[in-house]
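Written below as structure tokens is the structure these notes are about.
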Amino acid sequence: MASISDIGLYKYKAFFLSFAWSGKDQAFLQRCSIPVTRVSSEQILFKNECLVFDQMPKRIGASTYNHETRMVENGDLARYVLEISHLISVLKFCGGEGCLELGRSYHALIAKTGLDGDEFVGTSLIDMYAKCGDLDSAVLIFNQMPRLDVASCNCLISGYASCGLFDETFRFFMKYDSFGNIPNPYTYSTMLASCGTLSAIEEGKQLHAQVVKMQYLPETAVSNALLTMYSKCGVMEDAETVFKCLPRRNIISWTAIINGLYRHEDFDKAMRLFSLMRESGIEPNEYTFTIALASCGSMKNLDNSHLLHALVIKKGMALGEFVGTAIIDMYSELGEMDDAEKQLKVMGILASKVSWNALTKGFVQNEKANEALDAFGEMVRKDAACDEFTFSIILKACASLPSFTSCQQIHARIVKANFDSNTHVGSSLLEAYTKCGSIEDAERVFSRISAPDVVSWNSLIKAYSQNGNPGRAISLFRRMIDKGFRPTVSTLLAVLSACSHSGEIQEGQEIFQSMVREFGILPEEAHYSCMVDLLGRSGQLDKALDFINNLPVKPTASIWKPLLAACRCHKNLQMAEFVAKHILAMDPNDATVYVTLSNMYAEAGQLVNAENQRNLMKLKEVTKEPGCSWIEVNSKIHKFFSRDRTHPESAKIYNKLKQVMMQITGKAYTTNANQLQQKEDSCLFHSEKLAVCFGLISLPAGKPVRIFKNLRVCTDCHMFMKYASLITDRIIVLSDNYRFHHFNKGCCSCGDYW
DNA sequence: CTAGGGTTAG
């Protein structure tokens, strides 16, 4: 245990460090060779103990006087004030850096020397405890204070607010009166900030009224807080009004309004204000630059981005933790991954794990999953700490490949790092396993999440809905409701599509009805399109048409499209022509419409019409590359496979499947589902389709089939093409750039709406 | 002594 005199030494070290750390004395920092990288302050204290001590000009020992005796000692007043201000600095330092234990030992020292009777010291103690999150101690001191002024109350209330105890915050605000205090501008800043995080617009407006009445509005900090509150509550007009009326705008006012515009996706205006700010003589700081960089990235304007990047370099800020990462984000957003990578390299040792995460995320978003995995590997190799964000991001890369092996490897790391109960990581893992086709793993992962939220439930429901167990998806939906979760837009989409795919017409319609009535969710385009699919798939084409005609919104192409698919499935050429006309009126370049119609004519024996549709499509230049023959091949398979699993030829298919899979993997292969899931590569799950292809369809004679670029296809078809190209050089995949998509876009290959 | 602004995830 440290003795009082030890603590005395410690105190001065902490003081000097806090002084140095506040950035006011760079020379001091350098003289002490304090590392610039940010480590916890306690670490620095210990590391530089001797150094700092040597630098101390003079030591004022911590003797056991109390302040009354000192007050009467003539001429000692100056030293007393010095002592108090030292203590306050140290406590501020502890609060700012979250050094609760250090602060506590100071508290002990203060109590011992009797300095805790001092009003300022007491307030600083409250602030220190509140900032360190130890509100119980803060309240204890608060209650012992001989006199309570506004500052003490403000310290406590900001403690409540920063700990997220908003009930307490508001309750305490109402009690200011009973302590004989009037809320001051600081109080209102804190309160307004709380309203902002809570999106409590009504309370915010009431506070606004009070602020006006108290004439605090000209206070820049109060107006800043007010405009931030409005912007967080989504009322940009009011935020802008507050900004316009501000008599003295500082850098924070400008940053707040620019940030508000950025959050509301008004990037143009954000950048305009950024220029205006500079014109008005205020230079951006690190905060402002991160927002400006983000806006630039979202605007997709490369020239502006380069200008801004140059400006940041000129200011010497390009390597800072936040600004540096913002540059990586900007280039990722612009798709300039080389520049993003360069930035990370330039940052060198200053790159934090957030910077690495940003780069990895950039790769994933630009559909470079392998590069993302490489970056992750590099991160692991460098022994950089991986956090929950790292894992969420990298799992997305695994899902997009999809690579079951990578999923398992990363899963192992996650378990080792103790992140498997984290809600975000768990959900990402769940999604990744789902994309790899392993529902069993997905379910197991779900059960490990300590606090599953709506998104976790959604993912699990979607997993079953999209992987051939719609019945389970529906029952999970019921269980989720029973547990008291409020479904979201995507919950209902997943469960409605489950109903559609399992033929639960009645149930689907009931759930659709309950959307608004029970859950208060307004159906979106995708839900309507799903309902059309539900009715159409079951053959109720007229009902589906009625549904479309009676919609409260104007039906879009995405709403019509599932009906076209249904027409084909149920061989209603007449209605198909009618529907196609509607879709083409809205989107004349939609390849799926021509393909579907053409296939339907062919199936009806109208070969001339079929050919006409093809020519029409080529005429419209919907396809830049020749490759339509592939679509024909695939749509035959689709027709066979997706609608009718009990086809009499299934035995033949499975035999063919075994042969094909042997060719690919070199291993014996059975169709037993349990053994399937143990296979290294989950793509096997999609092989049914592949087998159908090779079992039933022969490739057209002549030239190889080219699968052209930028074709929107579903994951199933993607997988299917990839494997097909492995087996025969007759199939050439020109690009790996396929995207999974949802209802509102049909798959160009199979025409389905997955 | 007390207030205001920023990056990454399902």
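Residue numbering restarts at 1 for every chain, and letters A, B, ... go by the order of the sequence lines. Treat the numbers as computed from the prediction; the structure is a model and nothing was measured.
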* Structure fact -> Here the pair of heavy atoms bringing A/Leu91 nearest to A/Gly103 is CD2-O, 4.4 Å
* To do: Could you check which of B/dA9, B/dA3, B/dG5 has an atom nearest any side-chain atom of A/Ser392?
  => B/dA9
* To do: Just call it for A/Ser428: base, sugar-phosphate, or nothing, with non-hydrogen atoms closer than 4.0 Å on any strand.
  => sugar-phosphate
* Asked: How many Å lie between CD on A/Gln365 and P on B/dT8, as a whole number?
  -> 10 Å
* Touch class at under 4.0 angstrom, heavy-atom based, for A/Ala221 against every strand present -> base
* **Nearest-nucleotide pick for A/Phe322, side chain only, options being B/dG6, B/dG5, B/dT8** => B/dG6
* **Protein-nucleotide distance (A/Asp387, atom CG; B/dG10, atom C1'), rounded to Å** => 14 Å
* Distance below 4.0 Å between A/Lys361 side-chain N/O and B/dA9 OP1 or OP2 -> yes
* Round to a whole Å and report the spacing from CG of A/Asp453 to P of B/dA9. => 16 Å
* **Atom-pair distance (OH on A/Tyr186; P on B/dA3), nearest Å** => 8 Å
* Asked: Counting only non-hydrogen atoms, which of residues 140-161 of chain A are less than 4.0 Å from DNA chain B?
  -> A/Ala151, A/Asn154, A/Cys155
* Looking for any heavy atom pair under 4.0 Å, which part of the strands does A/Thr423 touch: base, sugar-phosphate only, or nothing? -> base
* To do: Could you tell me which residues satisfy ring-ring contact (aromatic ring centres under 6.0 Å, His included) with A/Phe389, sequence neighbours excluded, listed by chain and number?
  => none
* Do you see a donor-acceptor pair shorter than 3.5 Å between the side chains of A/Asp149 and A/Ser152? -> yes
* Please work out if A/Glu431 contacts a base, only the sugar-phosphate, or nothing of the nucleic acid, heavy-atom cut-off 4.0 Å. => sugar-phosphate
* Asked: Among the nucleotides B/dT8, B/dG10, B/dG6, which one has an atom lying closest to any side-chain atom of A/Thr290?
  -> B/dG6
* Looking for any heavy atom pair under 4.0 Å, which part of the strands does A/Thr288 touch: base, sugar-phosphate only, or nothing? -> nothing
* Can you find a donor-acceptor pair, distance only, under 3.5 Å between A/Asn224 side chain and B/dG5 base? -> no
* Is the phosphate of B/dA3, meaning OP1 or OP2, less than 4.0 Å from a side-chain N or O of A/Lys131? -> yes
* Rounded distance (Å) that lies between atom C1' of B/dG10 and atom CD1 of A/Ile449 -> 9 Å
* To do: Can you measure from CH2 (A/Trp356) to CZ (A/Phe376) and round to the nearest 0.5 angstrom?
  => 11.5 Å
* Check the distance between B/dG10's P and A/Phe419's CZ and give it to me in whole angstrom. => 16 Å
* Structure fact -> With A/Asn154 as partner, the option from A/Thr190, A/Asn184, A/Thr123, A/Asp127 fulfilling side chain to side chain donor-acceptor pair (under 3.5 Å) is A/Asn184
* Considering all heavy atoms, the nearest A/Leu192-A/Val222 contact -> CD1-O, 3.9 Å
* Asked: If you look at every strand shown and take non-hydrogen atoms under 4.0 Å, does A/Lys353 touch a base, only sugar-phosphate, or nothing?
  -> nothing
* **Side-chain donor-acceptor contact under 3.5 Å, A/Thr491 with A/Thr488** => yes
* Asked: Could you give the CE-to-C1' distance, from A/Met379 to B/dA9, as a whole number of Å?
  -> 13 Å
* Structure fact -> Checking A/Tyr160, A/Phe179, A/Tyr129 against A/Phe142 for ring pair (Phe, Tyr, Trp, His ring centres under 6.0 Å), the one that qualifies is A/Phe179
* Side chain of A/Ser124: nearest nucleotide among B/dA3, B/dC1, B/dT8? -> B/dC1
* Is a donor-acceptor pair below 3.5 Å formed from side chain A/Asn458 to base B/dG10, judging by atom type as modelled? -> no
* Quick one: label A/Thr190 by what it contacts on the DNA or RNA (base, sugar-phosphate, nothing), any heavy atom closer than 4.0 Å. => sugar-phosphate
